[in-house]
Amino acid sequence: MAAINGNQYIDRIDRLKATVWIDGDLVTGKISEHPAFKGVMKSQGKLYDFQLEDRIKQKMTYLSPLTGKPVGMSYLQPKTIDDLVNRRTMIQDWAKLNNGMMGRSPDYMNTVIMAFASSVGLLAGKANCYPEHITNFYEYARENDLSITHTFIDPQVNRAHYHFENAEEPIAAKIVERNAEGIVINGAKVLATQGGITDEILVLSAAGFGGKDQGFSFSIPSNSKGLKFICRDSFVGGESAFDHPLSSRFEEMDTIVVFDHVLVPWDRVFYFDNREISNTFMNSSSFSAFTMHQVVARRIVKTEFILGIVQSIIETINIGAYQHVQEKATEIIVALETMKALLFKAEMEAQVDEWGYMRPDQLTLQIACNLFPKIYPRFTEIIQLLGASGLMTTPTENAFRSGIRKDLDRYLQGASKNAEDRTKLFRLAWDMCMSSFGTRETLYERFFFGDPIRIASQLYSSYDSTPYVKRVESILSSTDRLADD
Ligand SMILES: Cc1cc2nc3c(=O)[nH]c(=O)nc-3n(C[C@H](O)[C@H](O)[C@H](O)COP(=O)(O)OP(=O)(O)OC[C@H]3O[C@@H](n4cnc5c(N)ncnc54)[C@H](O)[C@@H]3O)c2cc1C
């Protein structure tokens, strides 16, 4: 097998028949035909189709070192800056197909698996660590173009610093048995975006205060026995692309993942019962650098889309001459160009790491990942401030096909658009920042790469401010007086 097309993706997921619960019902038929999933699965399928189009295939794929067949570019282990640029170009070409609205398009997890495989040396010779299982899984995922979701957070029961779970039945997923076939996991994790509509799920856990049975990493098929995905309610507003331009296409769904005594076969266990590794592998591997490179590349495409929406609103109702309007649009321009500059800087300052891979500059990407959760909510605020009542004067497609159309054409026209086109634009803006889908997007971008507070704290703790403190000390210790000069 090699890089797949959309039908192959959809067919494979339908055949998996993962256990997915939504609104109290078990999904029984083809999941790709369920109203909550069909739009996003179709959009995901389009990504896979696109990578095989003749005119673009060379940019979207590379030749497998194992088989010589084309495999997805997001699996490429970069050895040069050109490789990084090729990866970024592919990631952004995919993101442009959904305007960056699909945070968990397959290139995200392909990158994670690639990063793990590129740091397996950290596990070599360590107790209960299986670097060869990661390498094998990476190759298997690459050669079969797997889609993967992931989960690593414990249920939000008690977040006090020294909380130690001692419930009779485990709440946070943990190892309850080690046997000849593998490890057995019981408990839950939150969340897995796209849970139930991917081939596999990667599960990670840090032992923390929880003890060694809570420190593990593995990947299993989404239809593993005992594995359940419990969905929130669907934010698909409806099938009409006029009425729900974003949620009808890109609603990725978030799921609670329950492990009811799930057996993880040994060949899929990456590490377990090793407190030190489970607490440090994510940070010490190239996971952060490579994954943030993908995340920032996608977020740039999303910011371009936001700017496009804002400028379209400005032109449609002709408010571009007001300075405060220009200033608000400029905020988005500044954010966009800052993100681009940071991405390019991270690539230009990339260095070959200890394993021979070209790692983008992590600090620079950390800056971008600290910035975005703060500016994204402001983008949605700007859309609201400029869109104003336009975000509510948004009759549906049916209204435009009804006897009331004459009134709509007359009263909803814009300075540069007829009523129908103006309404479509404002419905898009509403879906971006006000519908249940849109507000979830804001929450998503706030927490996409973890808790923004702890991300900031990590940056603060790792940033070397010593040279600047020394300069302050130097001026304070100087006894020079201007009068003596
Ligand atoms: C839309 C969405 C999709 C997601 N998709 C995925 C996914 O696909 N896979 C996945 O693994 N995860 C996913 N997540 C989970 C995401 O990784 C977490 O939301 C994030 O890491 C924060 O953890 P939490 O939600 O448990 O927040 P909590 O840790 O419960 O934090 C709640 C509040 O308490 C504060 N707080 C708690 N503990 C501390 C502490 N020790 N120090 C300082 N402040 C603290 C936080 O700052 C925050 O304000 C998703 C989340 C969202 C919202």
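In listed order, ligands and their atoms are each counted from 1. None of these values were measured; they are calculated from a predicted model. Keep in mind that the numbers below use all heavy atoms, side chains included, and drop hydrogens, waters and symmetry copies.
- Aromatic rings from Y108 and F448 are positioned such that their centres are separated by under 6.0 Å.
- Not less than 6.0 angstrom separates the ring centroid of Y140 from the ring centroid of Y138.
- Protein residues with a heavy atom under 4.0 Å from ligand 1 are R104, H150, T151, F152, I153, Q156, R159, H161, L191, A192, T193, D254, R440, L443, Y444, F447, G450, D451, I453, R454.
- Ring geometry, F270 versus F137: the interplanar angle falls from 30° to 60°, so the pair is classed tilted.
- To the nearest 0.5 Å, atoms CE (M253) and CG (D233) are separated by 7.5 Å.
- Listed by first and then second residue, the side chain to side chain donor-acceptor pair (under 3.5 Å) pairs that reach into residues 278-288 are S119-S286, sequence neighbours excluded.
- You'll find the side chain of F50 reaches within 4.5 Å of the side chain of W94, heavy atoms only.
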